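Take a look at the structure below.
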2 protein chains.
Amino acid sequence: MPVTLEDIAEVSGYSRSTVSRVINGEPGVSHRARQKITDVVEQLNYHPNQAARGLAAGQMNNIGLIIPETVSFIFNDPYFQFLSLGVSQTSNEQDFSVMLWLSDPDLERKSINKFLNNGLVDGFIIASMLMGDPIIEALKSTPRPFVLVGRQPALPDASVVDCDNVQGAYAATQHLLKTGRKRIATITGSEGMQSGINRIEGYQKALQDWGLTVNHALIAKGDYTEGSGYFGMFQLLPEKPDAVFIASDNMAHGAYRALKEVGIRVPDDIAIVGFDDIPSADQMTPSLTTMRQPIRKMGNLAAEILINKINYPDTDSQRIILNPELVVRQSCGSSALAGSITLR
Amino acid sequence: MPVTLEDIAEVSGYSRSTVSRVINGEPGVSHRARQKITDVVEQLNYHPNQAARGLAAGQMNNIGLIIPETVSFIFNDPYFQFLSLGVSQTSNEQDFSVMLWLSDPDLERKSINKFLNNGLVDGFIIASMLMGDPIIEALKSTPRPFVLVGRQPALPDASVVDCDNVQGAYAATQHLLKTGRKRIATITGSEGMQSGINRIEGYQKALQDWGLTVNHALIAKGDYTEGSGYFGMFQLLPEKPDAVFIASDNMAHGAYRALKEVGIRVPDDIAIVGFDDIPSADQMTPSLTTMRQPIRKMGNLAAEILINKINYPDTDSQRIILNPELVVRQSCGSSALAGSITLR
DNA sequence: TATGAGGATGGGAGCGCTCCCAATTTAAGT
DNA sequence: ACTTAAATTGGGAGCGCTCCCATCCTCATA
């Protein structure tokens, strides 16, 4: 029913081969032929069948975006959304399509292998997964290239796009130190995720470099959820910190909520720095100073690296670590240092 | 390189045809053969090539999820995420994969037609789009089935999954009326979207049924963004409303922010009802009474209807309108009526 | 023992493309 | 005009499946 190459060939009076060359922009076709065929293609509204093309060429021009369910549950910030947007954008520019795979614990094992091996997808982007995720094993045995978004210790040689969480946490903590805060606490991210661990590390390093010792009473464990920020803040209050580096903006929301309940003012009584720069960070009261993570850009880069690897399989694996950027707003006081940057 | 049907045939000692029957669970195969073939499939870790299968069978078992960019920009709530989750879940259960297409204004026209016609996708789900979106035209001429999430006046005969925005707004407004509020204002959703219009309609209807006249000074135009909630609230303040129905929780965040700035208390001075029940609604101070929109379920249903239509093309188009559910929290006072429902 | 009905199996054709090589045309050179 | 190279074009094979029909068994029955 749909228009095929052969149809174009017949109508235009050229052969299947010549039509194929024109469709794919290959050289070695006379101007006349190219013109004629282009016209017919236009006129019959022909679109190549990707399945046939993929089957014949051995490449589908599809990339798979894998998002473990845990991740999509933990983050109710727009992480998912911006990442997809970035991946999708770059893919489309390069004539690749995106297949989405959101893991579901029930189907997980069977389903991931099917997704990896069904021949529809030439390579994968895996959004930050938990350590020990069963997907890791599946990934180890796939012959297809993949790129991780967020490092994964179990896959040390894989291509990765990440943001430098150590340095981000370091910068955030240092910002607090520079504004004169002394008792700097932290609410950590999930210990099951590499980013969580790295952000603790950066926090500790900053304190040490400033000549302070790390006080474990000032470290509250969180898991990136709003609720854990709320409880984490309550846990810290008896220690009377004068500043808190919170490992995600989402948790910062929870911390704000806790502080409001007990009447502690930000930034007067306590300074807060978050991480991520989610859209609502700018609208919190007071607006939240935070480390901006360029998620969309990470999506762009992941797709770019992957597509490059698909097209040139001999490429070495790449690791791109982006620097998060300090966005100074009101939650640390010191308007002297302020100067928010616009638009994400 | 990958294992093919033919490989299984050779190793198992049966023919391609018999292997195919086993793979597809067809009858007419001896127990012995089925057993043997199943073993070999397992042993060689065979997965059918979907491209070849699709090409031969004329159906790819893929559904396309189309999300216009405007939508993904406007909503920084997890709409996108929950919808994808719902679609993906149901699809996977039925052995369909999901291809994601996020529109990009630059590529839009060319790209959407390619996506619709490349033969990879058997049908589409289109997330709520603006009226007048160019995608509508493309959709009109596709021979493939599709399901809209959110009604679209320009496509009156299409299958639709939607939530009853009129009745939701009605219920929200009525809830305010029942708690004794008299001057009930509203901040509207985007006029470019059907849901925005319907929510105004429900609001007005509720007032009228209660014997009140609609006062246009009490209607502030919003566009679903946090900022428009903030400014909308300021616009309403001189009119001294004692309650506001806000057409999205996202805008309710903005309204809260405005109210905090001027020191007006919720719910004492003013009652608020939102719409959507985004995860953070429960954590606002005071927690937000809102109409819960079952987005994930809408995703499930959309996928179900679509897959059914793909498998049985003669099915009539379906319209499923779900009722949003009132979730009573603290923002309207009247704890007498309260009784929050848990878990979305 | 012959016969036929079913169940079980095998193999050809073809889905719409790409890839490769052969055939044909055209241009260039002597 | 005659050869040779280059530019164009055409068509076969095959990608890994499904679908359909032909073949081959195996029994029960006459």
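Given the structure is predicted, the values throughout are model-derived calculations rather than measurements.
- End-to-end axis angle for the helix from dT1(C)-dA30(D) to dT30(C)-dA1(D), using five pairs per end and rounding to 10°, comes out at 50°.
- The side chain to side chain donor-acceptor pair (under 3.5 Å) test applied to Thr90(B) returns Asn300(B), not counting sequence neighbours.
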Atom pairs and distances, donor-acceptor, side-chain atoms in residues 24-31 of chain A, under 3.5 Å, two or more places apart:
{"from": "Asn24(A)", "atom 1": "ND2", "to": "Ser20(A)", "atom 2": "O", "distance (Å)": "2.9"}
{"from": "Asn24(A)", "atom 1": "ND2", "to": "Ser20(A)", "atom 2": "OG", "distance (Å)": "3.4"}
{"from": "Ser30(A)", "atom 1": "OG", "to": "Ala33(A)", "atom 2": "N", "distance (Å)": "3.2"}

Enumerate, atom names and distances included, each donor-acceptor pair closer than 3.5 Å involving a side-chain atom of residues 37-44 of chain B, sequence neighbours excluded.
{"from": "Thr38(B)", "atom 1": "OG1", "to": "Arg34(B)", "atom 2": "O", "distance (Å)": "2.4"}
{"from": "Asp39(B)", "atom 1": "OD1", "to": "Gln35(B)", "atom 2": "NE2", "distance (Å)": "3.4"}

Please write out the pairs of protein N or O atoms and N or O atoms of nucleotides 24-28 of chain D separated by less than 3.5 Å, giving the distance to one decimal.
none

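- For residues 119-157 of chain B, the pairs satisfying ring-ring contact (aromatic ring centres under 6.0 Å, His included) are Phe115(B)-Phe124(B), with sequence neighbours left out.
- Residues satisfying the side chain to side chain contact (heavy atoms under 4.5 Å, CB included) criterion with Ala154(B), sequence neighbours excluded, are Ile136(B), Gln152(B).
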Below 3.5 Å, can you tabulate the donor-acceptor pairs from side chains in residues 5-16 of chain B to any protein atom, sequence neighbours excluded?
{"from": "Asp7(B)", "atom 1": "OD2", "to": "Thr4(B)", "atom 2": "N", "distance (Å)": "2.9"}
{"from": "Asp7(B)", "atom 1": "OD2", "to": "Thr4(B)", "atom 2": "OG1", "distance (Å)": "3.4"}
{"from": "Ser12(B)", "atom 1": "OG", "to": "Ile8(B)", "atom 2": "O", "distance (Å)": "2.8"}
{"from": "Ser12(B)", "atom 1": "OG", "to": "Ala9(B)", "atom 2": "O", "distance (Å)": "3.3"}
{"from": "Ser12(B)", "atom 1": "OG", "to": "Tyr14(B)", "atom 2": "N", "distance (Å)": "3.3"}
{"from": "Ser15(B)", "atom 1": "OG", "to": "Ser17(B)", "atom 2": "N", "distance (Å)": "3.4"}
{"from": "Ser15(B)", "atom 1": "OG", "to": "Thr18(B)", "atom 2": "N", "distance (Å)": "3.3"}
{"from": "Ser15(B)", "atom 1": "OG", "to": "Thr18(B)", "atom 2": "OG1", "distance (Å)": "3.4"}

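- One interatomic measurement links the two molecules: CZ of Arg32(A) to C1' of dT26(C), which rounds to 13 Å at whole-angstrom precision.
- A search for side chain to side chain donor-acceptor pair (under 3.5 Å) contacts involving Asn61(B) returns Gln59(B), not counting sequence neighbours.
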Footprint string (nucleotides 16-22 of chain D, 5' to 3'): B base within contact, S backbone only, - free, heavy atoms under 4.0 Å: BBBBB--

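- The side chain to side chain contact (heavy atoms under 4.5 Å, CB included) test applied to Pro153(B) returns Met131(B), Gln194(B), not counting sequence neighbours.
- Residues meeting the side chain to side chain donor-acceptor pair (under 3.5 Å) test with Asp157(B), sequence neighbours left out: none.
- What separates NE2 of His31(A) from P of dT9(D) is a distance of 12 Å, to the nearest Å.
- A donor and an acceptor atom, one from each side chain of Ser111(B) and Trp101(B), are located under 3.5 Å apart.
- Atoms OH (Tyr14(B)) and P (dG11(C)) sit 14 Å apart, rounded to a whole Å.
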